[in-house]
Amino acid sequence: MEGNPYTPPQSSLHGDTPESATGNKAGGSVFQIFFSTRGRMSRKVYLLFIILPLLSVYFLMGIFLGFFPERLDQMVILYLVFTVVAGWISVVTLIKRIHDFGKSGWYCLLSIFPYVGVLFLLIFISMPGNKGPNKYGPDPKGSRPG
């Protein structure tokens with residue numbers, strides 16, 4: 001029955017469409033959003049995913065140190081684990097942001113150089129990405145006018 005309003009929506013189980021890889025259009029899985037370098041990311045989403053992991057690391061470490069100040073040596077190990085995960089998420093989101101300009105994710109290596117890296121990051125934060133689809137996927141903002 002085609003017109004049945006009670007029929008559940010059907011979707012792909014693998015989420016291998018470009019939209020689901022971005023985490024913006026079709027939602028995507030948590031793995032695709034945080035660990036996949038496929039797809040594109042808008043400025044707002046990029047800033048959100050840069051700020052949230054860093055704030056969560058500092059927030060969690062503050063809570064742990066507040067409750068368990070005598071276990072500082074174990075907190076250092078936990079801090080390193082949180083920092084590695086937050087760092088990976090930052091790299092993945094930077095790659096997706098670079099994809100929004102139609103450039104290769106390897107451009108993220110420019111961010112490791114002093115001064116050049118800061119300038120590079122400011123450019124990718126301040127400038128809008130390419131309008132319309134590019135080779136890395138559809139426009140994360142949908143269809144833009146103009």
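As the structure is a prediction and not an experimental result, all values here were calculated from the model.
For F101, the CZ atom counts as densely surrounded, since its 6.0 Å shell holds more than 12 non-hydrogen atoms of other residues, nucleotides or ligands.
Taking the side chain as every heavy atom from C-beta outward, E70 and F68 approach each other to under 4.5 Å.
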Which pairs would a plain distance check flag for residues 50-63, meaning a side-chain donor or acceptor within less than 3.5 Å of a matching protein atom at least two apart in sequence or in another chain?
| from | atom 1 | to | atom 2 | distance (Å) |
| --- | --- | --- | --- | --- |
| S56 | OG | L52 | O | 3.2 |
| S56 | OG | P53 | O | 2.7 |

Name the atoms and distances for all side-chain donor-acceptor pairs under 3.5 Å in residues 108-128, with sequence neighbours left out.
| from | atom 1 | to | atom 2 | distance (Å) |
| --- | --- | --- | --- | --- |
| S111 | OG | C108 | O | 2.6 |
| S126 | OG | L122 | O | 2.8 |
| S126 | OG | I123 | O | 3.4 |

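Checking side-chain atoms of R40 against main-chain N and O of N130 turns up a donor-acceptor pair under 3.5 Å. Side-chain atoms of K96 never come within 3.5 Å of backbone atoms of G105 as a donor-acceptor pair (strictly under, hydrogens ignored). Between the R97 side chain and the M41 main chain, a donor and an acceptor come within less than 3.5 Å of each other.
To the nearest 0.5 angstrom, I95 atom CD1 is 11.0 Å from S90 atom OG.
Shown here for S42 and P140, the closest heavy-atom pair between the two residues is N-CG, 3.7 Å. Scanning both residues, F49 and T93, for their nearest heavy atoms gives CB-CG2, 3.5 Å.
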Exercise for the section: Show your reasoning for whether side chain to side chain contact (heavy atoms under 4.5 Å, CB included) applies to Y136 and S104. Expected result: CA-CA 9 Å; Y136 297 104; S104 170; 4.0 Å; yes
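Both I89 and V92 belong to a single network of hydrophobic side chains, linked directly or stepwise wherever heavy atoms of I, L, V, M, F, W or Y lie under 4.5 Å apart. Residues F67 and F64 share a single hydrophobic cluster, defined by chaining ILVMFWY side chains whose heavy atoms lie under 4.5 Å apart.
Residues satisfying the side chain to side chain contact (heavy atoms under 4.5 Å, CB included) criterion with F35, sequence neighbours excluded, are F31, W88.
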